[in-house]
Amino acid sequence: MRKSATIYIAAAGLLISGCADLDQDSISSISIDSFYSNQADIEAAVKGIYQEFTTDGMYGIFNNQLIYLNDLQTDYVKAGAQTNSAHIREVANFAVQPTNLFVEAAWKHHYTAINRANIVIDKTSEASFIDAKTKENYINEARFLRGYLYFNLVRYFGGVPIVLHDADGQGAPRNTIDEVFEQIVEDFTAAENLPADYTNLDSKASSLAATSFLAKVYLEWAQTASEKGKANQHEYYLKAVQYAQKVIDSGKYHLLDKFIDVWSLDKKNGPEHIFTVEHDRTINGNTTGHCTFATNWSDTEPVLLATSDRYYLEMDPHDQRRDGSWAKKLYDPENDDDFVFTIPRFRKYIDSLNYANPASSGNAAGQSTNSAVIRYAEVLLIKAEAENEANGPTEAAYDAINQIRKRAYWSPYFNIQNNPTDGTPLELSGLTQEEFRQAVRKERWNEFILEGQRWFDLKRWHILVKYVKENTPETEKTKLQNISKRNYYLPLPQEQIILNPNLTQNWGYSGETGDGPYADFQ
């Protein structure tokens with residue numbers, strides 16, 4: 001939050017696609033005043049915003065940070081025996097402190113990227129060497145990224161300082177949650193004005209990606225216990241439906257027949273991907289792939305592991321998301337046989353095209369797997385959830401959720417539509433509003449395993465503590481002992497509070513007891 005005298009721009013050796021797949025070592029510090037002299041400078045500066053998504057090794061936003069903060073802080077993921085980091089174990093055991101390196105990195109990387117976006121917006125606005133429409137597109141691309149970054153911050157920390165210009169963050173107090181949401185909506189609304197053909201890459205800001213995020217933002221805001229969230233809840237649900245429907249009606253996206261293809265290296269930029277972050281293990285490897293499969297074909301526990309095999313066992317064997325999300329067994333090319341794990345590995349980040357390739361060294365397989373930030377399946381589930389909350393389980397709500405279920409029970413190998421093995425109907429109907437609500441929550445759980453969604457979901461439904469206590473295996477005693485209502489938000493980093501005395505710490509991280517501001521939360 002201190003004044004920045006320089007802007008950090010990726011140096012000349014950038015990849016053509018120019019999104020998150022940038023050379024993390026090619027960074028130079030360039031004076032702002034001597035930059036922005038031509039369009040190439042602006043293009044490089046915009047790439048520098050994306051670059052922050054995958055910088056800083058294991059602490060990068062889309063390297064490990066999002067998964068660790070959002071899935072480890074739940075019932076179903078634990079820090080395995082190979083974990084030698086006290087900071088990871090803090091997160092896994094609901095014992096996170098204001099000095100935790102993942103907390104510090106979340107604040108630092110998000111605000112670094114926000115500051116880069118602010119500089120792009122301000123300097124591009126002053127540029128006289130490009131036409132008005134090109135200028136507007138660069139600005140709106142930066143606003144898209146800024147909106148997403150603030151959306152993460154408000155869900156991590158609650159109200160945070162809104163900084164819209166370089167160096168304005170020095171001494172800035174926290175804004176309210178509603179003020180942050182208002183800024184997020186402004187930024188994504190501006191980004192909706194990007195041309196429909198602005199990019200053919202799902203790893204770059206687009207108009208429909210902005211629309212998709214607006215649907216998600218309004219659903220989240222409607223469930224936030226803020227003044228405007230509560231006062232405008234019904235309106236915000238309707239807006240979530242409206243924006244989700246706009247994406248659906250575009251006809252640009254559809255569900256992939258094969259669920260696991262969402263993470264296949266040869267299926268990038270697919271019809272289900274709306275906004276992703278690109279990874280290439282030779283440039284900015286996604287270390288989540290390593291952390292879920294670092295021990296290869298053995299029962300030695302990797303850094304990230306399920307707390308029990310019950311999650312795999314409880315999923316319907318006809319649901320292709322089971323074997324797309326969990327690897328209970330995996331082909332071992334060294335022994336030409338399947339290896340059966342006692343505790344399943346997380347399947348999505350294991351690149352089965354390359355894990356037998358000697359150049360991948362086995363445990364590196366998955367580090368080129370893209371991060372799906374928002375995909376079409378989520379747009380359908382946002383519509384189903386928001387429609388049900390606003391109007392009950394209408395035909396529109398059933399249509400959206402049943403598309404998810406039909407894909408889940410589709411067999412891409414035999415081209416047949418399976419049904420649940422327990423005899424229940426494939427397509428939902430005749431549910432009460434509460435039954436439909438629980439059905440949506442179950443589908444989100446099955447759909448987004450280890451995609452950085454679960455903690456955010458349990459928080460916005462206000463059931464985090466109750467759910468974790470009821471569902472965490474008894475073997476995870478530390479999780480069960482530590483979980484409390486303070487875990488509805490992360491602590492603000494201690495170093496930031498020292499630097500900026502106008503910042504206040506979140507409730508529960510300075511010795512407070514009881515329910516505090518979360519009396520109505522479970």
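- Two residues are said to be in side-chain contact when any heavy atoms from C-beta on lie closer than 4.5 Å; I248 and Y376 meet this criterion.
- Under the 6.0 Å cut-off for aromatic ring centres, F275 and F144 qualify, their centroids lying closer than that.
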| message | Please evaluate residues K133 and E136 with respect to the criterion salt bridge (charged side-chain N to carboxylate O under 4.0 Å, His left out), reporting the C-alpha separation (whole Å), side-chain torsions for both, the decisive distance (0.1 Å), and the verdict. | response | CA-CA 5 Å; K133 187 58 181 176; E136 179 186 5; 3.5 Å; yes

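- Ring geometry, Y218 versus W221: the interplanar angle falls under 30°, so the pair is classed parallel (tilted spans 30 to 60°).
- Using a 30° and 60° split on the angle between ring planes, F436 and Y398 fall in the perpendicular class, above 60°.
- R454 meets the salt bridge (Lys or Arg N to Asp or Glu O under 4.0 Å) test with no other residue; sequence neighbours excluded.
- Separating the CD1 atom in I382 from the CG atom in L214 is a distance of 10.5 Å, to the nearest 0.5 Å.
- A distance of 9.0 Å separates NZ of K252 from OG of S207, quoted to the nearest 0.5 Å.
- Of the charged side-chain nitrogens involved, at least one lies within less than 4.0 Å of a carboxylate oxygen, so that R407 and E272 count as a salt-bridged pair.
- Atom OH in Y50 sits 12.0 Å away from atom CZ in F62 (nearest 0.5 Å).
- Scanning both residues, L69 and L490, for their nearest heavy atoms gives CD1-CD1, 3.9 Å.
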| Step-by-step side-chain contact (heavy atoms from CB on, under 4.5 Å) determination, T199 to L194 | CA-CA 9 Å; T199 179; L194 287 167; over 6 Å; no

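- The ring-ring contact (aromatic ring centres under 6.0 Å, His included) test applied to Y488 returns Y518, F521, not counting sequence neighbours.
- The closest donor-acceptor contact from the side chain of N487 to the backbone of S484 lies under 3.5 Å.
- The cationic atom of R146 (NZ for Lys, CZ for Arg) does not lie both less than 6.0 Å from the six-membered ring centre of Y150 and within 45° of the ring axis.
- Side-chain polar atoms of E43 and Y138 form a donor-acceptor pair below 3.5 angstrom.
- L149 CG to T112 OG1: the interatomic distance, rounded to the nearest 0.5 Å, is 10.0 Å.
- The backbone N or O of V163 sits nowhere less than 3.5 Å from a side-chain atom of Y111 that would complete a donor-acceptor pair.
- Using a distance-only test at 3.5 Å, with no hydrogens or angles considered, no donor-acceptor pair links the side chain of Q496 to the main chain of P493.
- Proximity of F157 to H110: side-chain heavy atoms (C-beta onward) are nowhere separated by under 4.5 Å.
- Residue D266 qualifies as enclosed at atom CG: its count of foreign heavy atoms under 6.0 Å is above 12.
- Panel note: side chain N63, backbone G57; a donor-acceptor pair is recorded below 3.5 Å.
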| task | For the pair E387 and I401, evaluate side-chain contact (heavy atoms from CB on, under 4.5 Å) and give the outcome as yes or no after the intermediate values. | result | CA-CA 11 Å; E387 175 69 18; I401 196 172; over 6 Å; no

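- Not one N or O on the side chain of N70 forms a donor-acceptor pair closer than 3.5 Å with the backbone of Q453.
- The backbone N or O of A190 sits less than 3.5 Å from a side-chain atom of N140, completing a donor-acceptor pair.
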| Verdict with supporting geometry, L219 and R460, side-chain contact (heavy atoms from CB on, under 4.5 Å) | CA-CA 9 Å; L219 177 62; R460 68 184 176 87; 3.7 Å; yes

| Passes side-chain contact (heavy atoms from CB on, under 4.5 Å), Q223 versus Y236? Steps please. | CA-CA 9 Å; Q223 296 170 336; Y236 291 169; over 6 Å; no

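- Between Q65 and F53, the closest side-chain pair of non-hydrogen atoms is not below 4.5 Å.
- Partners of R441 under the salt bridge (Lys or Arg N to Asp or Glu O under 4.0 Å) rule, at least two apart in sequence or in another chain, do not exist in this structure.
- Summarising the geometry of H165 relative to N118, their closest heavy-atom pair is N-ND2, 3.5 Å, with the distance given to 0.1 Å.
- The backbone N or O of T134 sits less than 3.5 Å from a side-chain atom of D131, completing a donor-acceptor pair.
- The one candidate from Y148, Y243, F213 that meets the ring pair (Phe, Tyr, Trp, His ring centres under 6.0 Å) condition with F188 is F213.
- Within the model, atoms CD of E451 and OG of S325 stand 7.5 Å from one another, a figure rounded to the nearest 0.5 Å.
- No side-chain donor-acceptor contact under 3.5 Å links Y253 to the backbone of R375.
- Using a 4.5 Å heavy-atom cutoff, the side chains of T369 and L265 are in contact.
- In summary, K204 and E141 engage in a salt bridge, as defined by a charged side-chain N under 4.0 Å from a carboxylate O.
- Between H87 and T99 the shortest heavy-atom distance is CE1-O, 3.9 Å.
- Applying the salt bridge (charged side-chain N to carboxylate O under 4.0 Å, His left out) test to every pair with at least one member in residues 231-248, sequence neighbours left out, gives these pairs: E192-K246.
- Annotation: side chain of V91 is in contact with side chain of N100 (closest heavy-atom distance under 4.5 Å).
- Looking at every heavy atom in both residues, F35 comes nearest to A44 through CZ-CB, 4.4 Å.
- Between W445 and Y76, the ring center distance clears the sub-6.0 Å criterion.
- A cation-pi arrangement is present between K459 and Y489 under the rule of less than 6.0 angstrom and at most 45 degrees off the ring axis.
- Of the possible donor and acceptor atoms, none in the side chain of T55 sits under 3.5 Å from a partner among the backbone N and O of E52.
- Pairs engaging residues 208-233 under the salt bridge (charged side-chain N to carboxylate O under 4.0 Å, His left out) rule: E182-K228, K216-E378 [sequence neighbours left out].
- Across M58 and I88, no two heavy atoms sit closer than the pair CE-CD1, 3.6 Å.
- Using a 4.5 Å cut-off on side-chain heavy atoms (C-beta onward), N64 and I67 make no contact.
- Distance check: E278 CD to N370 CG gives 5.5 Å after rounding to the nearest 0.5 Å.
- Residues satisfying the salt bridge (Lys or Arg N to Asp or Glu O under 4.0 Å) criterion with E90, sequence neighbours excluded, are absent altogether.
- With respect to R174, the side-chain hydrogen bond (donor to acceptor under 3.5 Å, both in side chains) criterion is satisfied by exactly one of N500, N506, N502: N506.
- Between V96 and Q73 there is a side-chain heavy-atom pair separated by less than 4.5 Å.
- In this structure, K348 contributes its side chain and I449 its backbone to a donor-acceptor pair below 3.5 Å.
- Ion pairing between R405 and E443 holds under the 4.0 Å rule for side-chain N and carboxylate O.
- Listed here is the closest heavy atom pair of K383 and A400: CD-CB, 4.1 Å.
- Looking only at side-chain heavy atoms (C-beta outward), Y198 and L208 stay at 4.5 Å or farther from each other.
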